[in-house]
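Structure record follows, encoded as C-alpha cells.
Residue numbers begin at 1 in each chain, while the letters A, B, ... track the order of the sequences.
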Amino acid sequence: MPAHDHRNEMEAPGVFVLALIFLAVFVVIWFAHLKWLMDVWGVQ
Amino acid sequence: MAIYEPERMWWNPLSKDERIWVGVALIWMLVSFIFMPIYHVVGSQNPPSETYKVTAEDFDKLVEGMVAKYKVGEENGFPVVHPNPSEPIYVRASMWQWYPVLELEKGKTYRLHLSSMDIQHGFSILPINMNFMALPGYDYVLKLTPTTTGEFHIVCNEYCGIGHHTMVGKMYVK
Amino acid sequence: MANFQFRTDPLSGLKIEKSSENLIKWNVIAALATLAVGGLMALLVALTRWPSVHLLGATNYYRFLTLHGIDALLAWIIFFEVALVHFTSTVLLGTRSYVPWLGWLAFALMLIGGGVINVIVLLGGADVMFTSYVPLKADPIYYLGVILFAVGALLGFIIFFINVTLSKRDGGYKRSLPLGSFGMAAGSIIAVLTLAHGAAIFIPTLLWALNIIGYVDPAAYRLVFWGLGHPSQQINVSAMVAVWYMTAAFVVGSKPVNEKLSRTAFVLYILFINVASEHHLLVDPVLSTWHKIVNTSYMMHLAVLASMIHAFAIPASIEVALRRQGFTRGLFEWLKKAPWGNPAFSGIAISILLFGFLGGITGVIFGTEQFNIIRHNTWAITGHFHGTVVAGTTIAFMGFTYLLIPYIFKREIIWKGFATIQPYLYGVGVATLSIGMMSAGQFGVPRRHYDITFSGAPFSFTFDPAIDMFMSMMGVGGVLAAIGGVLYILISFGSIIFGKKIGD
C-alpha cells in the first residue's frame, strides 16, 4: 500500500500553535538575557 | 507505532506543519549561533580566553609586588590597593579569601590577572553578577572595564571546602 | 532450542521472557531505592538553602549535597535506564535476554559501586560534590566506587547491542528497530562514548588520590570530566524521549507522525551531543574563543534542534491519534479529551512541557558563550538542570513506572487517586523550585553555597531583597516535590508488594 501523501496537510494544527507559542517565549527570554548581558561591565 | 517495527517504507516526506516547524527551529538555532561570533566583534562583554601557566609562588610574588607598590589603606586586615590603570592588576584566590581589596576607576580598562593558590574557585562579582573560573596553575586574564561606580563584592561560587561560604572579597569602583 | 519461559502480557500484548523480566524488575527496584535516598537528601538540602529554615550545619549540607547528586542524578537515572535497555532490547522486540549473566554482572557492579559511594560519602570521605574537581581530593575509595558503577553501567548499555543483534536472528524485527528501541540505541551509543570519558578521567584521578601519579591538571580534568558529566545527561534525554514515544504509543495508541523525522533527530543526538558538552567551560581559562564557540555552541544547537523536533513530533503524534479517535472539533478538543487522569500520560505531558519551557530554553541560553558570563555557577544553572533532569527525565520515568508495574511486575497500581495526582504534584513542585532557583540566580545567588548571608566572612554582602521571595519559592517547591516524590515511592513499592496480581 503506497503511503498516504501528507505533504500539503497540517497533521497537527493544535500542536503547531503550541509550538509557535513555545518559540515566542524562547525568543523573548533570549532577548531579556541579551539586555541583562549588555548591562554588565565590559570584559574581553 | 513507537513500540512496533515501522512499515517497510518509512522514509516519507514531511507534512506541511512539520516542514514549517523544522524550518523555523533551524533558523532560530542559526540566529542563536551566529550571534556568538558577531557579538565578539560588536559586543563589549565576551568571555576572555587569554591564559598563561603560572605557579602559585610566582603569582603570589606578582600580587605582593602590586600590593607593595599601590597600597592605599587597609580594611578588615586586607590591604586596599589603588593600582595604575595602565599596569596589570592581580586577584589571588585561596581557601578562603580573595586578596587584595581593589580600588578601580570607572571607564578604565584593566588587565586583571586571576589565579588560585590551591583548588578551584569561582570569581563572581556581585551585585553586578559576572562570573569566571579561577584555576590553580593558570593565570586567566580578564580585560575588565568597570562601567558603574560603588562598592562591589567578590563571592566564591565554586565549592571549595567547608569555608566556601566565608570566601568574600571586596572591590571599589570610583 | 533451549527452553525459554515466555508469557504474553494480557494488558499490553507484549511477549515477555522470564530472565529479562527479572532484570527489569531488579533494576527498577534499585532505581526506586536510590531515588528514595537521593530524594531525602534533596529535601534536606532544599530546607537548608531556604533561609528561613536553614536546617543543616555546613558539613552535613555539603556532604548531603554530594550524595544528592550521586543518588538522584547518577544512580536513580542510570538504574532506570538499564531497565529500559532490557525493556527495549528484549520485551519490545518479543525476544529473550541473550546474556542474562552479563545483565546480573552489570547490576552487581552498579549496586556495589553505588553502595561504596554512598557509604564513603556518608562517612565523610568525599565532601567533593558530584564534580569532584581536582585538586580537591576525596578518599580513593570514592573514585573506586565511581569506576565500579561506571563499568557496571557500561556493561549494562553494551547488553543493548548484544540483544538487538541476536534478536534479529530470532525474528524480533526484520529491517528496523521500533522507534522506542531506536531511541535507546541512540542512548546506548552515547552511553558508551560517555563512560569512556569517565574511565579516561576517573582512573588517573584514582591513581592521583593513591599518590601513584603526582598531578592531574585542573583544566584538563574539567574538560574530560564534562565529557562524562554532560553527555550522560544526553543519555537521559535520549532515554526520556524514547519513553515519551513509547508511553504515547501504549496509552493513546499513537504512531510517530513521521519515522524519518524522529529517527533523523535521534541521529542528530548521536552526532552532536557528545561534543556539545563544553558549555561548562565557557568562562574557563585555557580554551580559545573558537574552541568554545564551535564545540559548545555550534554542536549544541544541532542537538537542540533535535529536541525541538521531538518536542513537536511526540505531541503531534498524540494529537493525530486522538483526532483519529474522533476528537476533531477546533484546534484543541483533543487536548481537553486526552487521558489526563492516567499518570503515565500526564507524566509524559508534564515532562514534555517542563523540559521544553524550563530546561530547554534556559539550556540554550545559558550555554550561549556570552550569556554564560551572567549565569555561570549561579543558582540559575541549578534551576536549569532541575528543569531538564528532574522535571523532564525523572517525571517521564515516573510516568513509565505506572506502565512497567502492570506490564512487568504484573501488579495493579494501588491508591489510584493518589497515583492520578502524583505527577501533577511533583511537576508543580519541581517547576516552582526550578523557577525560584533561576530567578534567584539572576541576582547572582551562587549554587552549592551553604550560607548566602556569608556569616563569618571578612566582608559582608547583602543580596537584593527580591531574592527572599525566590528563595522561599524554591523551598516551597522543594517541599511539594518531596511530597510528590514520597507518594511515587510509596505507590511504586506498595504496588509491587501489595498490588492486586494481574493475570496468572
Quiz item: Ring centroid separation for B:Phe152 and C:Phe461, is it under 6.0 angstrom?
Solution: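 No.
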
Which atoms of [X] come close to chain B, meaning under 4.5 Å heavy atom to heavy atom: side chain ones, backbone ones, both, or neither?
X: C:Val364; result: side chain
X: C:Ser460; result: backbone
X: C:Ile374; result: both
X: C:Phe371; result: side chain
X: C:Trp379; result: neither

Under a 4.0 Å N-O cut-off, is there an ion pair linking [X] with [Y]?
X: B:Glu64; Y: B:Arg92; result: yes
X: C:Asp451; Y: C:Arg49; result: no
X: B:Lys69; Y: B:Glu87; result: yes

Using a cut-off of under 4.5 Å for heavy-atom pairs, which of [options] has the most such pairs with chain C?
options: B:Ser15, B:Pro127, B:Gly122; value: B:Pro127
options: B:Met167, B:Met130, B:Lys170, B:Glu158; value: B:Glu158
options: B:His40, B:Gln97, B:Lys53, B:Glu151; value: B:His40
options: B:Ile154, B:Leu135, B:Val141; value: B:Leu135
options: B:Trp28, B:Tyr39, B:Trp98; value: B:Tyr39
options: B:Leu26, B:Asn131, B:Ile119, B:Thr166; value: B:Asn131

If you tally heavy-atom pairs under 4.5 Å against chain B, which of [options] wins?
options: C:Gly180, C:Pro135, C:Ala321; result: C:Pro135
options: C:Ile452, C:Asp464, C:Asp217, C:Thr453; result: C:Asp217
options: C:Leu261, C:Leu177, C:Ile309; result: C:Leu261
options: C:Gly444, C:Gly94, C:Ala58, C:Ser455; result: C:Gly444
options: C:Met129, C:Lys137, C:Lys260; result: C:Lys260
options: C:Lys174, C:Arg375, C:Met246; result: C:Lys174

Quiz item: If you round to the nearest 0.5 Å, how far is CG of C:Asp127 from NE2 of B:His164?
Solution: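 Between atom NE2 of B:His164 and atom CG of C:Asp127 there are 13.5 Å.
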
Exercise. Taking B:Gln120 for its side chain and C:Val134 for its backbone only, find out whether a donor-acceptor pair lies under 3.5 Å.
Key: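 Between the backbone of C:Val134 and the side chain of B:Gln120 there is a qualifying donor-acceptor contact (under 3.5 Å).
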
Of all the heavy-atom pairs spanning [X] and [Y], show the shortest one and how long it is.
X: C:Pro218; Y: B:Pro136; result: CG-O, 3.4 Å
X: B:Gly161; Y: C:Tyr62; result: O-CE1, 4.1 Å
X: C:Glu369; Y: B:Pro47; result: O-CG, 3.3 Å
X: B:Cys160; Y: B:Trp96; result: O-NE1, 2.6 Å

Quiz item: Would B:Glu103 and B:Tyr70 count as having a side-chain donor-acceptor pair, cut-off 3.5 Å?
Solution: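 No pair is found: no donor N or O on one side chain lies under 3.5 Å from an acceptor on the other.
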
For [X], which atoms come within 4.5 Å of any heavy atom of chain C: side chain, backbone, both, or neither?
X: B:Pro48; value: backbone
X: B:Asp139; value: neither
X: B:Glu50; value: neither
X: B:Val101; value: side chain
X: B:Val22; value: both
X: B:Phe78; value: side chain
X: B:Tyr138; value: side chain

Quiz prompt | side chain to side chain contact (heavy atoms under 4.5 Å, CB included) evaluation trace for C:Phe250 with C:Leu14 | solution = CA-CA 11 Å; C:Phe250 280 123; C:Leu14 294 166; 3.9 Å; yes

Exercise. Report the C-alpha separation of B:Lys174 and B:Glu105 in whole Å, then their side-chain angles, then the decisive distance to 0.1 Å, and conclude whether the salt bridge (Lys or Arg N to Asp or Glu O under 4.0 Å) test is met.
Key: CA-CA 5 Å; B:Lys174 289 190 171 156; B:Glu105 291 167 31; over 6 Å; no

Quiz prompt | Axial cation check for C:Phe182 ring with C:Arg263, 6.0 Å and 45° limits | solution =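 Yes; both conditions hold, so C:Arg263 lies above the ring face of C:Phe182.
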
